[in-house]
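Heads up, the thing below is written out as C-alpha cells.
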Protein chains: 2
Amino acid sequence: MSKCEQCIVREFSSLKALNKEELLKIADCKSSYTIKKGEPIFEEGENVNGIFCVKDGVCKLSKLSANGKDQIIKLVSKGELLGQRSMISDEPANLSAVALEDMEVCFIPKSDIMPLFNQNNAFSMNVMRAICGDLKEADDHVVDMAQKTVRQRLAETLLHLQDTFGTQEDGSLKTQLTREEIGSLIGTATESCIRLLSDFNKSGLIELKGKKIFLRDIKGLKREAE
Amino acid sequence: MSKCEQCIVREFSSLKALNKEELLKIADCKSSYTIKKGEPIFEEGENVNGIFCVKDGVCKLSKLSANGKDQIIKLVSKGELLGQRSMISDEPANLSAVALEDMEVCFIPKSDIMPLFNQNNAFSMNVMRAICGDLKEADDHVVDMAQKTVRQRLAETLLHLQDTFGTQEDGSLKTQLTREEIGSLIGTATESCIRLLSDFNKSGLIELKGKKIFLRDIKGLKREAE
DNA sequence: GCAAAAGCATGATAATTATCATAGTTTGCG
DNA sequence: CGCAAACTATGATAATTATCATGCTTTTGC
C-alpha cells in the first residue's frame with residue numbers, strides 16, 4: 001500500500017493540512033481502485049460513506065433530471081476530492097460520478113476522516129473553504145443557466161475547459177468530451193450543441209478536427225460569452 | 001441589548017450548538033439593525049466580515065448577470081443566517097441580500113465567530129452541514145434551470161414558496177413578490193412570467209387576486225412541475 | 001388627493017432552442 | 001478485418017421564450 005505523503009491529492013486538496021501522523025493513519029485504512037472510462041465511482045442515491053481522492057483521470061458529476069436527461073454539474077480531475085458533501089451531510093450522494101477517462105482513486109472511509117474534523121482545525125477549515133468554493137461556483141452556474149443563451153454558455157464552457165484542464169501537446173482541448181457531454185454540460189440538446197460548434201468553426205472561433213477541438217480565437221470566444 | 005439565548009435564530013440555525021457562555025459573548029458584541037423593505041443588507045462585492053442573523057422578515061439573495069438582469073438565487077427568512085460563505089472563504093459577497101419586507105437582523109463580527117470554529121466542534125459541523133445543504137440545493141437548482149421549461153419552473157417555484165414560507169390567513173402565498181421578482185426567481189422575462197401566471201389562473205391551477213396568489217390545485221401544479 | 005411611478009396585462013412579432021428525420025463517419029470489438 | 005454501435009452532422013419544422021409596444025391598475029410620495 002502506497003503512502004499518502006507524496007500523493008498529488010494531498011498537494012492540491014484540503015488534505016494538505018494533515019500532519020505526518022494523520023497521513024500515516026489514513027494511508028493505513030485507505031483502499032485504491034482503478035476505474036475504467038465510462039464506469040461510475042458512485043451513483044446518485046448511493047451511500048458513499050467516505051471520500052474519494054482522485055489520483056489520476058477526470059470524471060463528471062452529473063444528475064438525472066425528471067425528463068430522463070443527464071445534466072453534468074461539474075468535472076473533477078486529478079488532485080481533487082469527491083463525496084465530501086455526502087459524507088458531511090450524512091446523506092446519499094446527490095450526484096453520480098462517472099469516469100471520463102481511466103482513473104486512479106483512493107477511498108478513505110468516513111470513520112477515519114470524521115475524527116480529523118475535531119482534531120485538526122486547519123483541515124476542517126480547508127474542507128469548509130472548499131465547499132464554500134463549490135457553493136459560489138454553483139450559484140454562479142445558476143445565474144449563467146438562467147440568464148445566458150446556449151451560444152454564450154458554449155463559448156464560456158469551451159474557455160473554462162481550456163483554463164481548467166489545459167490543452168494536449170497539439171493545442172486541442174485536453175479533456176475529450178462527446179458532443180452529447182458538452183451539450184449536457186451547457187444544458188442543451190446534442191443537436192443544438194453540434195450546430196453551434198459548427199457555427200463557431202465556420203466563423204473561425206474554434207477548429208474542429210474530428211473529436212478534437214482547438215480554440216483559435218480566445219478574444220472572440222470571450223466576446224461571445226459576453 | 002437583548003440576549004441571544006431565546007432568539008429565534010438560535011433555534012433554527014447552526015447557532016443552536018452554542019452553549020450559554022458562548023451565547024453571552026456573542027450577545028455582547030452583536031449589533032442589531034432594522035432594514036426597510038427594498039434596502040440591501042449587503043451587496044455583491046462588498047466585504048461582509050461577519051454573519052447576519054435574520055430575526056424577522058424575508059430577503060432575496062441575488063446576483064447581477066452580465067446582461068444587467070438580476071437573478072434571484074434564494075430567499076432567506078426568519079431564523080436563518082446570512083454571509084457565512086463570504087466570511088469563511090474570506091472573500092467579498094458573491095450575492096446581494098435585499099429585504100423583501102421590513103426586517104430585523106443582528107450582525108456578529110467575524111472576529112467573534114471565527115474562534116468558535118476551533119472551540120466548538122458541534123457548531124463547526126452544523127455550519128458545514130448548512131453549507132452542504134445549500135450546495136445540494138444549488139446543484140439541484142442548476143439541473144432545474146438547465147432541463148426544465150419556464151412553465152415547469154414556475155409551477156415548481158410556486159409550490160416551493162408555499163412549502164417554505166407558508167400562507168397568509170386567507171390562504172394566499174405569504175411572501176408577496178412582484179411578477180418581476182418571480183420572473184427573476186425562475187429565470188425568465190417578466191412578461192413571460194405574467195403570461196404563464198395568467199395561464200395557470202385560467203386553467204384553475206392558481207387564483208390571482210391582485211398581487212395575491214392562491215394555489216388552488218396542488219396536484220395539478222405538481223403535474224405541471226413534473 | 002393627486003400626480004408620477006411602479007407594477008400588471010396582453011398583443012404582435014422575432015429570436016432561440018428542441019425535436020424529428022436522415023445520413024455520413026468513427027470507434028470498438030469479436 | 002469487418003460490422004454494429006455510437007457518434008457527428010445537417011435539414012425541416014415546431015415549440016418555447018424574449019422583446020417591443022401599448023394601455024390599464026395599483027401604489028407611493030408629496
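Protein chains get the first letters and strands the later ones, always in sequence-line order, with residue 1 at the start of each.
Listed here is the closest heavy atom pair of Val54(B) and Val105(B): CA-CG1, 4.3 Å.
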Side chains of residues 204-224 of chain A: which donor-acceptor pairs under 3.5 Å do they make with residues two or more places apart or in other chains?
unit_1	atom_1	unit_2	atom_2	d
Glu207(A)	OE1	Arg216(A)	NE	2.7
Glu207(A)	OE1	Arg216(A)	NH2	2.8
Lys212(A)	NZ	Asp170(A)	OD2	2.6
Asp217(A)	OD1	Lys219(A)	N	3.4
Asp217(A)	OD1	Gly220(A)	N	2.8
Glu224(A)	OE1	Arg151(A)	NE	2.9
Glu224(A)	OE2	Arg151(A)	NH2	3.4

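When the shell of 6.0 Å around NZ of Lys110(A) is examined, it contains more than 12 heavy atoms from other residues, nucleotides or ligands. Around atom NZ of Lys174(B), no more than 12 heavy atoms belonging to other residues, nucleotides or ligands sit under 6.0 Å away. Atom CD of Glu180(B) has 12 or fewer heavy atoms from other residues, nucleotides or ligands within 6.0 Å. No more than 12 heavy-atom neighbours from other residues, nucleotides or ligands sit within 6.0 angstrom of NZ on Lys78(A).
Among the heavy atoms of the strands, none lies under 4.0 Å from Lys37(B). Lys69(A) comes within 4.0 angstrom of sugar-phosphate atoms only, judged by non-hydrogen atoms across all strands, and of no base.
In this structure, the side chain of Gln147(A) does not engage the main chain of Asp144(A) through any donor-acceptor pair within 3.5 Å.
At a cut-off of 3.5 Å, with distance as the only test, a side-chain donor of Arg85(B) or Ser89(B) sits close to an acceptor on the other residue. Asp70(B) and Ser184(B) share no donor-acceptor pair across their side chains, judged by distance under 3.5 Å alone. Using modelled atom types and a 3.5 Å distance limit, the side chains of Asn94(A) and Asp140(B) yield a donor-acceptor pair.
When DNA chain C is scanned 5' to 3' for any atom under 4.0 Å from a heavy atom of chain A, the first and last hits are dT17(C) to dC20(C).
Proximity of residues 181-189 of chain B to DNA chain D (heavy atom under 4.0 angstrom from any strand atom) is restricted to Thr188(B), Ala189(B).
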* Asked: Quick one: what's the B/S/- string for nucleotides 5-11 of chain D, heavy-atom cutoff under 4.0 Å, read 5' to 3'?
  -> ---SBBB

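Between Lys148(B) and Glu226(B) there is no salt bridge, since none of the side-chain N atoms of the basic residue sits less than 4.0 Å from a carboxylate O of the acidic one. With respect to the salt-bridge test (charged N to carboxylate O, under 4.0 angstrom), the residues Arg129(B) and Asp90(A) do not qualify.
Between its two ends, the helix from dG1(C)-dC30(D) to dG30(C)-dC1(D) turns its axis by 60°, counting five pairs per end and rounding to 10 degrees.
Applying the ring-ring contact (aromatic ring centres under 6.0 Å, His included) test to pairs two or more places apart or on separate chains, those with a residue in residues 85-110 of chain B are Phe52(B)-Phe107(B).
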